[in-house]
Amino acid sequence: ISWNMDMLGGYSHEFLGEVPANGQSSVREPSSPEIGKRLEAFGPDVVLVYGHAQANVYRAIWWCRRNKVPLMTIGDSELLRERTTTTRMAKEIVVRQIFRRYSAFLSVGDRNADFYAYYGAPRDRIFRCPFTIDETTYRAAKANRATLRAEARYTYDIADDAIVALFVGKLSGRKRPVDLIEALAQTKSRKVTALFAGNGEQLEPARAR
């Protein structure tokens, strides 16, 4: 992914360690042994970590506990997705222990807040912290909605009175984009159209279907 804006301008920052080959983090990687030393040099008043299932998160938790520095977390986990019995049992033990180390939980939405609370986060330590947006772009789109709508429908040859279902996200097996196509096949109508904004290993199967 390459962004069309400077994501780190104005922020003091440094990168530690390599990104995993498949781009996915896990309890084993990325794992950067130098995190403790870099935190020591920076001297933070508080540390914010993303999620709870990464090796570097555990390193940060350990450093904060040893140095009595408050720790916060942010993520987008929820309780809606089906999980195996083994996974649920492991989470009941591990996640609850991890959450005991956090001083605050930054929630991106109601389902995320419910996830925190389920695993023991006190409600008075959960603070709403929505994902940010580019207000200028969104306000411009709102002001020109009719024009943009007409242009998009013309570009993709969509009837003006058709219902449009927009899929935005990774085309991965977990997000099941082909299910939307299967649903279209059952509508028996040409008045419903789906648009996909994303990429992933399910792109070709979706195209084939």
Side-chain angles (χ1 to χ4, degrees), residues 1-5 7 19-30 50-54 73-92 95 106-119 128-209:
I1 297 174
S2 61
W3 300 94
N4 64 353
M5 64 184 74
M7 301 293 286
V19 176
N22 63 359
Q24 299 294 318
S25 59
S26 69
V27 295
R28 294 186 177 87
E29 58 179 356
Y50 186 90
H52 54 273
Q54 301 176 24
T73 185
I74 188 171
D76 55 7
S77 297
E78 32 66 29
L79 299 169
L80 304 178
R81 187 155 39 96
E82 292 184 8
R83 295 172 174 85
T84 64
T85 301
T86 302
T87 299
R88 290 201 306 271
M89 291 177 64
K91 280 180 171 289
E92 286 286 347
V95 177
L106 307 185
S107 164
V108 299
D110 291 342
R111 301 289 77 79
N112 184 221
D114 290 343
F115 174 86
Y116 289 146
Y118 178 83
Y119 286 109
R128 183 55 55 90
C129 185
F131 288 133
T132 57
I133 62 172
D134 181 345
E135 277 199 68
T136 301
T137 298
Y138 273 78
R139 289 185 185 280
K142 183 178 180 180
N144 298 287
R145 183 178 186 278
T147 300
L148 293 172
R149 178 183 187 277
E151 290 176 351
R153 287 177 179 258
Y154 177 79
T155 299
Y156 297 107
D157 192 25
I158 301 172
D160 188 66
D161 60 344
I163 295 172
V164 179
L166 175 62
F167 181 105
V168 181
K170 297 175 183 175
L171 303 185
S172 65
R174 181 170 69 85
K175 297 196 174 184
R176 300 169 62 172
V178 178
D179 282 12
L180 177 54
I181 302 174
E182 298 292 353
L184 289 183
Q186 296 180 39
T187 64
K188 308 297 183 182
S189 170
R190 301 188 62 174
K191 295 292 186 180
V192 183
T193 299
L195 292 180
F196 291 84
N199 205 337
E201 75 271 10
Q202 290 292 303
L203 177 60
E204 291 308 320
R207 278 178 169 162
R209 180 68 182 99

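What's counted below: heavy atoms across the whole structure, side chains too, no hydrogens, waters or symmetry copies.
Remark: Tyr119 engages Phe115 in a ring-ring contact (aromatic ring centres under 6.0 Å, His included) (not counting sequence neighbours). Qualifying salt bridge (charged side-chain N to carboxylate O under 4.0 Å, His left out) partners for Glu151, counting only residues two or more places apart in sequence or in other chains: none. Under the rule for a side chain to side chain donor-acceptor pair (under 3.5 Å), the partners of Asp114 that lie at least two apart in sequence or sit in another chain are Arg111, Arg123. For Asp179, the side chain to side chain donor-acceptor pair (under 3.5 Å) partners two or more places apart in sequence, or in a different chain, are Arg176. Under the salt bridge (charged side-chain N to carboxylate O under 4.0 Å, His left out) criterion, Asp161 pairs with Lys191, sequence neighbours left out.
Salt bridge status for Arg139 with Asp134: absent, with no side-chain N to carboxylate O gap under 4.0 Å.
Residue Arg88 places its CZ atom among more than 12 non-hydrogen atoms of other residues, nucleotides or ligands, all under 6.0 Å distant. Counted within 6.0 Å of OH on Tyr118, heavy atoms from surrounding residues, nucleotides or ligands total 12 or fewer; the atom is thus considered open.
Of all the heavy atoms in Ser172 and Pro177, the pair that sits closest is O-CD, 3.2 Å. Nearest heavy atom pair, residue Leu184 against residue Ala194, reads CD1-CB, 3.5 Å. Nearest heavy-atom pair, His52 versus Ser77, reported as atom, atom and distance to 0.1 Å: CE1-OG, 3.7 Å. Of all heavy-atom pairs between Asn112 and Val108, the closest is OD1-N, 3.1 Å.
With a 4.5 Å cut-off on side-chain heavy atoms, Leu171 and Lys175 do not count as touching.
Here CD1 of Ile158 is found 9.5 Å from CZ of Arg149. Values are rounded to the nearest 0.5 Å. Annotation: the span from Thr73 atom OG1 to Tyr50 atom OH amounts to 9.0 Å, rounded to 0.5 Å. To the nearest 0.5 Å, atoms OH (Tyr116) and CD1 (Ile74) are separated by 6.5 Å.
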How far apart are the C-alpha atoms of Arg128 and Asp110, what are their side-chain angles, what is the distance that settles it, and do they pass the side-chain contact (heavy atoms from CB on, under 4.5 Å) test?
-> CA-CA 9 Å; Arg128 183 55 55 90; Asp110 291 342; 2.7 Å; yes
Can Ile163 and Thr187 be said to form a side-chain contact (heavy atoms from CB on, under 4.5 Å), step by step?
-> CA-CA 11 Å; Ile163 295 172; Thr187 64; over 6 Å; no
Please assess Thr193 against Tyr156 for the test side-chain contact (heavy atoms from CB on, under 4.5 Å), listing each intermediate value before the final yes or no.
-> CA-CA 10 Å; Thr193 299; Tyr156 297 107; over 6 Å; no
Which pairs would a plain distance check flag for residues 202-209, meaning a side-chain donor or acceptor within less than 3.5 Å of a matching protein atom at least two apart in sequence or in another chain?
from: Glu204; atom 1: OE2; to: Arg207; atom 2: NH1; distance (Å): 3.1
from: Arg209; atom 1: NE; to: Glu182; atom 2: OE1; distance (Å): 3.3
from: Arg209; atom 1: NE; to: Glu182; atom 2: OE2; distance (Å): 2.8
from: Arg209; atom 1: NH2; to: Glu182; atom 2: OE1; distance (Å): 3.1

